[in-house]
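The model shown is predicted, which means the values in this text are computed figures rather than measured ones.
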Amino acid sequence: MGGQLAAERPRSAALTRLFAVLVIASLVATSNAAAADDPVAVADELGADIEWLRDKPTDGLASGQLSELASSGTAGLRSAGAVLVEVHHDGVTARVESAVARSGGEVVGAVENELVLARIPATELAAVEARPEVRYLAPPRMSVALGPDQWPAPVAGLSGAATGQHIAESRADDWHAEGFDGSGVRIGIVDGFGRTSWNNAQSSGDVPPPSGTFCRIGGSNCDLFGVTTSQHGVNVAEVVHDMAPGADLYVATAATASDLDAAVDWFVANDVDIVTRSMTAPYDGPGDGTGPLASVIEAAVDAGIAWFNSAGNSAGGDGTGSYWRGGFVDADDDGWLEFAPGDETLGFVCGYMNGVRWNDWDDPNATDYDVVVLDTNLNTISTSVNAQPAADPVERPTTCGTPGTIVSLAIRLYAANGGTSGDVLEFMGNQSAFEHAQDPYSASGPGADSNREGAMAVGAIDPTPGNTIASYSARGPSNDGRTKPDMAAQSCLRTTLTSCFDGTSAASPVLAGAAALVLHSGEATTPAQITRYLRDNAAVDRGASGWDNTYGAGELRLPSPPIEVAAPSAPQGVEAVAGERRATVSWRAPADDGGDDAFSYRVTGSPSGSC
């Protein structure tokens with residue numbers, strides 16, 4: 001499998017949080033409860049005899065996982081002898097689509113100038129990858145957050161429509177009082193939406209009937225409310241509706257980058273103004289705002305859509321956070337990276353994995369690393385053995401075994417190629433409690449790393465009310481040194497489904513809803529103007545003075561809303577008395593002053609103009 005897409009969720013030691021993701025072969029429920037205890041390393045030292053499931057592919061394919069799929073097949077990815085793959089390229093998409101057609105394959109999606117999603121006969125995979133317009137083939141990086149989501153119980157005695165504390169904390173209520181409720185604004189949401197949860201929320205008035213729905217997984221259309229029972233997207237929609245109760249909601253589920261690209265086309269066709277996406281995804285770029293997912297976001301902004309993305313929940317430090325970063329250190333020269341002196345395994349609680357990547361993206365002689373996930377007995381659970389430099393400098397094991405159990409990850413140097421000096425490696429998960437972790441650069445995941453003005457990565461203030469960044473809220477900078485997140489907004493919010501909808505998943509729709517109020521007011525109209533207005537006028541500085549890599553521009557707090565003043569009616573009883581070389585004009589105040597006192601008048605004469 002090439003990857004998964006999971007909802008951004010925080011870890012809580014006091015509560016059992018279940019989330020599920022659609023893995024290529026099966027639906028796996030993931031529990032964060034075991035993350036209450038710090039993980040431990042399985043072993044410090046690894047020998048050369050670690051059992052690998054397989055070595056490098058020998059069939060000419062750069063992706064070890066795709067090689068396995070081609071030979072064995074996996075439900076959902078292989079059908080009638082064809083394999084669902086991403087064809088990565090740096091050229092013209094149309095040429096690659098032609099190559100797929102000549103192989104007997106079928107194109108089912110694309111991200112312009114990045115990749116084509118296609119079903120290709122297993123016997124033709126190596127031939128397609130060998131074509132000059134193709135860089136490499138890989139299993140699709142896919143899946144939306146699916147399955148049962150267990151959240152804290154709703155507020156006791158709550159019935160009917162519920163509104164959260166984020167409305168007052170963000171000052172959205174002041175804008176509502178002045179008539180700015182997002183009317184006429186269309187907001188898109190990319191997430192997973194359980195039918196029962198949505199119907200209940202709609203019945204209670206917490207979400208409106210959707211103005212449109214879209215669902216695509218792996219290039220195939222699907223039933224939006226039938227592919228998951230998750231509450232996640234319903235919570236997101238309720239937060240958006242709280243903030244902008246007059247806005248129309250367009251809801252979408254999209255798995256791969258090309259599925260998201262198709263969703264963006266659908267948003268554009270429906271004149272959607274704003275999109276919020278509370279998701280994470282497998283590594284697909286260097287963390288500098290480039291790569292397939294970043295390209296989709298850029299296209300959305302260019303089409304006039306302001307984009308808001310959760311920054312991620314990977315912060316927290318050793319034993320809690322789920323982001324590790326470091327160079328290749330191998331003091332005993334045995335080929336295994338040391339995460340700390342003498343420690344060749346990184347213990348973590350099995351959960352979502354974005355993957356391992358390193359900074360050889362533009363190096364034609366990139367270092368070749370391989371990755372293995374081990375259980376407590378040093379048995380191999382899964383591996384990732386792509387062949388660099390043919391493949392991108394990314395490895396992502398298919399699974400870590402039973403969710404919530406303690407496992408470990410090890411990185412092996414397969415071939416130095418251009419050398420390991422200067423290599424910076426990263427391993428990211430989502431609330432997986434790493435043995436060794438750091439906060440800086442944890443907001444460099446796909447979607448959060450966008451470099452497009454008009455798109456914002458959103459950190460979380462938790463609890464609400466409060467003004468402190470959540471311990472889990474991912475920190476910047478991006479890998480090219482830009483400040484991340486862009487702003488922070490309220491989290492741990494009341495909805496009819498839960499007493500605490502938390503994570504940066506909750507913060508992103510708060511900011512998106514605020515953007516809808518700004519757009520409704522006319523204070524800003526384009527994506528760049530909207531995000532600039534929020535940064536410059538609706539952010540209260542927190543933490544270090546000025547923009548920083550914890551809060552970004554600051555915590556969302558809308559300014560006083562603009563006041564609409566109607567034009568007064570004409571003055572009453574206007575009289576002019578002629579005199580020698582002069583005239584005396586008198587009048588009474590207008591019957592309707594437009595809602596504000598008149599403080600000046602202009603008198604004009606004809607034909608000489610102003611008097």
Side-chain angles (χ1 to χ4, degrees), residues 1-4 21 23-26 28 30-35 37-57 63-65 67-68 282-283 314 318-326 328-358 367-386 394-415 425-437:
M1 191 197 83
Q4 303 166 339
V21 293
V23 185
I24 299 306
S26 63
V28 180
T30 303
S31 170
N32 284 325
D37 298 322
D38 288 346
V40 296
V42 174
D44 287 340
E45 290 289 333
L46 296 176
D49 58 348
I50 293 294
E51 178 187 357
W52 292 77
L53 289 178
R54 60 189 180 278
D55 208 328
K56 293 291 186 180
S63 167
Q65 293 162 6
S67 178
E68 184 181 29
Y283 279 146
S314 299
D318 288 354
T320 302
S322 49
Y323 175 76
W324 174 88
R325 180 186 184 94
F328 183 75
V329 177
D330 182 18
D332 58 2
D333 199 28
D334 65 354
W336 295 99
L337 179 146
E338 296 178 18
F339 295 94
D343 190 351
E344 295 178 339
T345 61
L346 177 67
F348 68 101
V349 175
C350 178
Y352 181 81
M353 297 181 292
N354 298 77
V356 173
R357 71 180 173 193
W358 56 101
T367 311
D368 191 346
Y369 297 102
D370 292 332
V371 174
V372 59
V373 176
L374 305 164
D375 66 14
T376 53
N377 295 316
L378 297 185
N379 296 314
T380 298
I381 297 174
S382 68
T383 65
S384 183
V385 292
N386 298 333
V394 174
E395 300 288 348
R396 188 174 186 279
T398 56
T399 179
C400 53
T402 303
T405 59
I406 303 229
V407 296
S408 66
L409 177 133
I411 299 175
R412 178 184 72 164
L413 175 64
Y414 181 82
L425 296 94
E426 303 168 86
F427 174 41
M428 181 184 286
N430 185 50
Q431 294 299 307
S432 298
F434 290 4
E435 175 190 9
H436 306 294

Taking Ser432 for its side chain and Gly429 for its backbone only, find out whether a donor-acceptor pair lies under 3.5 Å. no

Would you find a donor on one side and an acceptor on the other, under 3.5 Å apart, between the side chain of Asp368 and the backbone of Tyr414? no

Begin with the C-alpha distance, continue with both residues' side-chain angles, and end with the deciding distance and a verdict on side chain to side chain contact (heavy atoms under 4.5 Å, CB included) for Leu374 and Asn379. CA-CA 5 Å; Leu374 305 164; Asn379 296 314; over 6 Å; no

Closest heavy-atom contact between Met428 and Phe434? C-CZ, 4.0 Å

For Gly319 and Ala433, work out which heavy atoms get closest and say how close. O-CB, 3.7 Å

Please tell me if the side chains of Ser408 and Leu346 come closer than 4.5 Å, counting only heavy atoms from C-beta onward. no

Would you call Leu409 and Val371 a side-chain contact if the rule is heavy atoms closer than 4.5 Å? yes

So do the side chains of Asn386 and Val394 get within less than 4.5 Å of each other, counting heavy atoms only? no

Ring centre gap for Tyr369 and Phe328 strictly below 6.0 Å: yes

Scanning both residues in full, the closest heavy-atom pair of Thr345 with Glu435 reads O-OE1, 3.4 Å

Donor-acceptor contact present, side-chain Asp334 to main-chain Trp336, <3.5 Å: yes

Check whether any side-chain heavy atom of Asp370 lies under 4.5 Å from a side-chain heavy atom of Ile411, and answer yes or no. no

Heavy-atom pair of closest approach, residues Phe339 and His436: CB-CD2, 3.9 Å

Work out which heavy atom in Arg396 is nearest to a heavy atom in Pro282; give both atom names and the distance. CD-CB, 3.8 Å

CH2 of Trp358 to CG of Leu425: how many Å apart, nearest 0.5 Å? 7.0 Å

Might you point out which heavy atoms bring Met353 and Val373 nearest each other, and give the distance in Å? SD-CG2, 4.4 Å

Minimum side-chain heavy-atom gap Leu413-Thr367 below 4.5 Å: yes

Measuring from Glu344:CD to Leu337:CG, what's the distance to the nearest 0.5 Å? 8.5 Å

If I take atom CH2 from residue Trp324 and atom OG from residue Ser314, how far apart are they, to the nearest 0.5 angstrom? 15.0 Å

State the CG-CG distance between Asn354 and Asn430, to the nearest 0.5 angstrom. 7.0 Å

Say whether Tyr323 and Glu426, considering side chains only, have a donor N or O and an acceptor N or O under 3.5 Å apart. yes

Backbone N or O of Ser382 within a donor-acceptor pair of the Thr380 side chain at under 3.5 Å? no

Does Cys400 reach the side chain of Phe348, with side-chain heavy atoms less than 4.5 Å apart? yes

